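What follows is a set of notes on a single structure, which appears directly below.
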Amino acid sequence: MSRKVYVEVAAVFSPEGQILPHQIRWEDGTLFAVDRVTDIRRAAATKAGGCGLRYTVRIGGRQTHLFFDEDRWFVEANDAKQPTA
Amino acid sequence: MDRHILHVDCNKFYASVECSLDPSLRDKPVVVGGHEKSRHGIVLTKNELAARHSIITGETLWSARRKCPDLITVPPHFSLYAKYSRMVRNILLEYTPLVEPFGLDESWMDVTDALRPPQEIAEEIRTRIREELGITVSIGVSFNKTFAKLGSDYKKPDAVTVFSRENYRELVWPLSVNELIYVGHSTAEKLADRFLYTIGDVAKASPSLLQSLLGKWGPALHAIANGNDNQPVIPCEESAEAQSISNGMTTPRDLTDNRDAQRVITVLSESVGRRLREQQLCGKTVELHLRDNRLVTHTYRITLDYTIQSTSDIAKEAYTLFCSVYHWQHPLRSITIGISGLDSDDTPCQLDMTESAERDKRERLDKAVDGLRERFGDTCIRRAILLEDPDLTGFSPYEEHTVHPVGFSGKTDEIGGKT
């Protein structure tokens with residue numbers, strides 16, 4: 001089972017109302033730039049629990065999921081330091 | 001053309017939401033139960049693994065734990081369930097505006113106008129709710145509401161069942177008559193006395209026999225068993241008009257005398273009255289659901305000659321009804337008060353010489369009190385009777401109410417009834 005980690009996210013609000021995450025600050029303060037958002041859909045976070053708007057993103061060449069639930073962002077973490085898929 | 005009705009039922013809703021939020025619970029027996037400290041210590045719902053230990057909804061947490069020592073108990077989080085309920089409903093509303101909620105975890109939908117087969121829509125909804133929200137639903141697809149509801153119970157979890165004109169005799173008729181939403185214990189017993197055990201038995205019985213057994217319900221039940229149920233799906237925003245308003249509470253300790261009952265009736269009346277006034281409604285019928293410490297529910301109702309809305313009128317009528325029907329054969333665990341026979345509060349009505357003016361005064365007083373509570377909180381002004389036993393009456397049912405449509409007030413053991 002994964003850990004649910006709430007993270008700080010810098011996001012861009014487009015004039016059309018879309019919210020795109022730009023950068024994530026991990027628990028230990030490390031910053032990760034979001035290279036690309038490849039998919040956005042509502043989905044359950046089956047590993048860490050809960051649900052939200054799921055952003056499939058590429059960070060440092062790796063694909064991972066970032067969830068936006070009401071007004072918070074979270075990541076499913078496999079107890080490593082970095083957000084992983 | 002036949003209608004296409006779906007009934008969507010969230011399987012073991014509270015427990016599913018808890019397990020969806022905390023995946024570590026998924027492979028363990030889990031029940032959601034009230035706070036034991038305030039003695040709302042009963043099982044509200046259980047997951048599949050807990051159900052395998054024969055744990056039943058409504059039993060005490062203490063007895064559930066005897067059946068299953070590893071049982072995990074999670075206190076209820078009603079605001080979360082409301083949130084999930086809203087998310088489910090939002091998905092349903094993408095398919096049709098005709099969505100009628102029934103409690104937090106069930107809804108009917110009328111998808112007759114959708115240009116797709118209803119079964120395909122049902123499959124899509126089932127998949128989406130599982131993938132998007134992480135909980136499962138079972139869906140019944142049929143040509144009326146009653147059969148659609150039977151369908152959602154037929155196969156679960158995470159399944160779709162279709163009861164069509166072609167297969168209902170084969171699939172619905174063998175089901176026990178108890179499975180019908182309208183049939184409670186006492187109706188089932190009356191039918192069993194005439195060897196009518198299944199829905200098919202009722203469908204094939206003569207309407208006049210059923211009328212002699214059940215009164216005007218008899219022919220209606222006969223029609224329903226034959227698939228002739230024309231009740232429309234009433235969408236959320238309109239359904240308020242068709243509902244009763246009720247509030248109930250399991251009390252922190254058993255109620256043992258009239259004064260206890262009066263205190264609880266007063267708290268509940270406060271909430272029912274406030275909600276009536278908010279929706280500018282008044283009602284004629286006072287309903288009382290009493291659950292004793294054996295968990296047997298008794299239902300009583302009385303219809304008045306006039307409509308009421310004020311807290312003190314509701315409390316007075318409910319308490320009068322209570323005193324006339326309940327004689328403390330057993331201590332009580334919970335009381336629910338409902339007002340039905342609703343009408344808009346500006347509907348012209350027959351006044352009488354003395355009472356009407358007094359009633360009007362009480363209603364205006366209540367509105368003033370509601371205004372104060374709106375601005376300064378629920379406890380800023382309270383009735384003296386509620387200060388006698390704060391442990392018993394220190395809850396606000398107003399915040400945690402569930403609205404149920406009239407006529408579906410549950411499969412209760414209706415041993416009384418006064419109209």
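No experiment lies behind these values; they were computed from the predicted model shown.
Of the two parts of R130(B), only the backbone, made up of N, CA, C and O, holds a non-hydrogen atom closer than 4.5 Å to a non-hydrogen atom of chain A.
In terms of heavy-atom proximity, G49(A) sits nearest to P23(B) at N-CG, 3.4 Å. Heavy-atom minimum distance, C51(A) versus Y84(B): SG-OH, 3.6 Å.
More than 12 heavy atoms of other residues, nucleotides or ligands lie within 6.0 Å of CD in E123(B), so this atom counts as buried by the packing criterion. Atom CZ of R72(A) has 12 or fewer heavy atoms from other residues, nucleotides or ligands within 6.0 Å. Atom NZ of K28(B) has more than 12 neighbouring heavy atoms from other residues, nucleotides or ligands inside a 6.0 Å radius.
Note: E70(A) CD to K83(B) NZ = 4.0 Å, rounded to the nearest 0.5 Å.
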